[in-house]
Amino acid sequence: MSQAVRVRFAPSPTGYLHIGGVRTALFNWLWARKNGGKFVLRIEDTDQERSTPESVKVILDSMTWLGMTWDEGPGVGGAFGPYTQMERLAIYKEHAERLITSGKAYRCFCTKEELDVQRAALKAKDPKAQFRYPGTCRDRKDTPSLPFVVRFKVPSDGDIRYVDKVFGEVITPNTAQQDFVLLRSDGVPLYNFGCVVDDMTMGITLVARGRDHMVNTPLQIMLYAAFGVAPPDMAHLPMMLAPNGEKLSKRHGAVSVGEYKAQGYSPEAVLNYLVRFGWSHGDQEVFSLGELVDAFNWEACGRGDGKFDAKKFLAIQHEHMKTPRLTPDDVYVARLVPFLEARGLTVDPARVAKVIPMIRERATTFVDAADRLDFVFRDVPVMDDKASQKFLVAANVAHLRVLADVLEKVSSWEEKALEDATNAWLAEKALNIKDVAQPARVALTGRTASPGLFEVVAALGREGALGRLRSAAEIAASR
RNA sequence: GGCCCCAUCGUCUAGCGGUUAGGACACUGGCCUCUCACGUCGGUAACAUGGGUUCAAGUCCCAUUGGGGUCACCA
C-alpha cells in the first residue's frame with residue numbers, strides 16, 4: 001500500500017562537501033536504508049558560474065568515504081537518469097512548455113536589466129520595500145522573437161499548506177509570493193523548477209533538506225499542483241550553526257568532510273555526531289551505523305537550530321576509537337597505516353595490529369594514534385628536548401643501566417614477566433617504580449607521556465628496548 | 001521591513017499535564033595510577049518573560065522578547 005521509499009541528496013558541486021550537507025544527506029540515507037528504499041544522488045550543477053567537475057569528484061569521494069552509498073546517480077546510473085541537471089535540459093524545456101500550454105506559466109520578455117532598474121527605483125523611494133515582479137508579461141498575447149524567461153503564474157489568492165515531517169503543518173499565503181522564474185533565457189532551470197521536475201520524474205517520495213529551503217517548499221508545491229501531481233512528503237531539518245550563532249563556515253574551523261578525514265576522524269563518528277544534532281534516541285549518544293539505521297525516525301527530530309560543538313565531536317570520535325565494537329582491529333589498522341606512512345614510517349600491518357591495544361583508550365583520532373605510536377616504528381625515538389634534559393641526567397644513569405640489565409635476564413619478553421622482574425629488583429633495592437619509570441619512559445619513547453611502561457618495553461622487543469635504555473644512559477652520563 | 005520557523009544547563013538533548021527536571025560534552029572535586037589516558041564516585045549549571053486554560057503546567061493557548069531562515073534569469 002505505501003509506495004517504496006525513494007529519497008535523494010542533491011548537492012551543488014560548488015566547493016567541498018559541507019558538514020551541514022552531510023547531515024541532510026545522512027537523514028535521507030538513513031531513511032532509505034531503514035525502509036529498504038532507494039537513495040538517489042543528484043548533481044545540481046545549473047549554477048555554471050560556480051559548479052566545477054573537481055567539486056563533483058570531491059563530493060562523490062566524500063560520500064564514498066562516509067559510507068553513504070547511493071543506489072542511483074553518478075557512477076552507478078539508474079532508470080531515472082541522467083542524474084546531473086545540465087544533462088537534463090531537454091526535460092526541463094519540455095516541462096516548461098507543458099506549463100505554458102496549460103496556462104500555468106508564461107513567457108516573460110522583461111530583461112534582467114529592466115527589472116534591476118525597477119528594483120533600484122523602488123528601493124530608492126522606500127529602502128524597506130521589497131520588489132516583486134509586477135506581472136508585466138503575465139497576460140501578454142504577442143510573442144516577439146526576443147529572449148525570454150519562463151515564469152510561473154502564482155495564484156493571486158489562497159494559500160499553500162503542507163504537513164512537514166518535522167515541523168508539522170506549515171501555511172503560507174500565496175500573496176507572499178511573486179511570479180517566479182522557472183527557466184532562464186538560456187534554457188537552464190532555476191533551483192525550484194529543476195528540483196521539482198527532477199524529484200517528480202525521479203519518483204522521489206520524500207524530500208528532506210535544510211530549513212533554509214523551507215521558503216522554497218510552498219513554491220514547489222504549487223508546481224506539483226500545476227503538473228497535477230501529488231507532492232512528495234516534506235521534511236526540513238533545523239540548521240547547524242557556528243558556536244557564535246552565525247552560519248557555519250570556514251572561518252569557524254573545519255567544515256568540510258575532507259578536513260575531518262585528514263584530521264584522522266572516522267566516517268562513522270562523523271555521522272554519529274551529525275545525526276545526534278537535531279535527532280535523538282533517548283539517552284543514547286553513541287551509535288553504530290546499523291543501530292542508526294534501525295533507530296532513525298522523523299518523530300524524534302527536533303525543531304530548534306543548534307550550534308556546532310567541536311569538543312563534543314571529538315569526544316564522539318574518541319568513543320568510536322576506543323570501542324572495538326565500533327572500530328574493529330582490522331578497520332583500525334587499515335585506517336591508521338596511512339597516517340603512519342604519512343610520517344615517513346615504514347610499517348608492517350601485523351605489527352601495527354599488535355600495538356594498537358597500547359593506545360586504544362588514549363588516541364582520539366588516527367592522527368593522534370599515529371603520533372602516539374611513532375616511537376614504535378623508528379630505530380631511534382624522536383627525543384623531546386625538555387623531557388631529555390629533565391630525565392636523562394646523571395642521577396638516573398645507574399637506574400637506566402640496571403633496569404636494562406634486569407630486563408635482559410628475562411627469558412620471556414612479555415609485559416607480565418618484564419614487570420615482575422622489575423618489581424623484584426625494585427623490592428630488593430627498596431626502590432619505587434616512580435624512581436625509574438619516567439627516565440625509562442623518556443629513554444624508550446622520547447616523551448614523558450606514553451602507554452604503560454612495560455607495554456612499551458614489550459612492544460619494542462628485547463633489542464630495541466635494551467638498546468634505547470643503554471644509549472639513553474650514555475646521554476645521561478655525558479651530562 | 002514582508003513571509004516562514006524556532007525557544008530546557010555554556011553546548012547537544014530527554015521530557016509528549018503531576019519528575020528531587022534525566023543523560024552526554026565541556027568545566028570541576030575525590031578515587032585509581034609508573035606518565036598520559038581510561039575507568040569510577042561526586043559537584044556547579046537550564047525550563048526567556050507576561051498572560052491565560054487546568055485541581056495541577058517545562059509540557060496546551062495567546063502575547064511579548066530574543067534568535068534564525070528567506071526575499072535573484074544562486075542553490
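Numbered from 1 within each chain, the chains take letters A, B, ... in sequence-line order. Note: hydrogens, waters and symmetry copies are ignored here, and every other heavy atom, side chains too, is used.
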Check the phosphate of [N] against [X], side-chain N and O only, distance under 4.0 Å to OP1 or OP2. Yes or no?
X: A:Arg119; N: B:A72; value: yes
X: A:Ser280; N: B:A14; value: yes
X: A:Lys322; N: B:G39; value: yes
X: A:Arg184; N: B:C74; value: yes

So, under a plain 3.5 Å distance rule, would you say the side chain of [X] forms a donor-acceptor pair with the base of [N]?
X: A:Arg303; N: B:C6; answer: no
X: A:Arg441; N: B:C34; answer: yes
X: A:Glu285; N: B:G23; answer: yes
X: A:Asp305; N: B:G68; answer: no
X: A:Lys311; N: B:A26; answer: no

Kindly say whether the aromatic ring centers of A:Phe366 and A:Tyr332 come within a distance under 6.0 Å.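 That pair passes the under 6.0 Å test.
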Can the ring centres of A:Phe308 and A:Phe277 be said to be less than 6.0 Å apart?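 Distance test on ring centres: not under 6.0 Å, no.
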Nearest to the side chain of [X], heavy atoms from C-beta on, is which of [options]?
X: A:Gln130; options: B:C71, B:A75, B:C6; answer: B:C71
X: A:Arg50; options: B:C3, B:C25, B:C74; answer: B:C74
X: A:Asp212; options: B:U70, B:A72, B:C38; answer: B:U70

Could you tell me whether [X] contacts a base, only the sugar-phosphate backbone, or nothing, with contacts defined as non-hydrogen atoms closer than 4.0 Å?
X: A:Pro173; answer: sugar-phosphate
X: A:Ser12; answer: sugar-phosphate
X: A:Lys112; answer: base
X: A:Cys301; answer: nothing
X: A:Gly302; answer: nothing
X: A:Asp186; answer: nothing
X: A:Val170; answer: sugar-phosphate
X: A:Arg276; answer: base
X: A:Val149; answer: base
X: A:Thr111; answer: base
X: A:Ser450; answer: base
X: A:Ile316; answer: nothing

Distance between the C1' atoms of B:C71 and B:G10, in whole angstroms?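 Roughly 34 Å separates the two C1' atoms.
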For atom NZ of A:Lys386, decide whether the heavy atoms of other residues, nucleotides or ligands shown that lie under 6.0 angstrom number more than 12. no
Under a 4.0 Å N-O cut-off, is there an ion pair linking A:Arg50 with A:Asp45?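 Between A:Asp45 and A:Arg50 there is no salt bridge, as every charged N stays at least 4.0 Å from the carboxylate O atoms.
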Please determine if A:Asp186 and A:Arg184 form a salt bridge, counting it only when a charged side-chain N lies under 4.0 Å from a carboxylate O.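 Answer for the salt bridge query: yes.
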Expressed as a whole number of angstroms, how long is the span from [X]:[atom1] to [N]:[atom2]?
X: A:Leu190; N: B:A72; atom1: CG; atom2: P; result: 11 Å
X: A:Gln177; N: B:A72; atom1: CD; atom2: C1'; result: 15 Å
X: A:Leu241; N: B:C6; atom1: CG; atom2: C1'; result: 11 Å

Applying ring-ring contact (aromatic ring centres under 6.0 Å, His included), run through A:Phe313 and A:Tyr260 and close with a yes or a no. CA-CA 10 Å; A:Phe313 193 179; A:Tyr260 285 102; 4.8 Å; yes
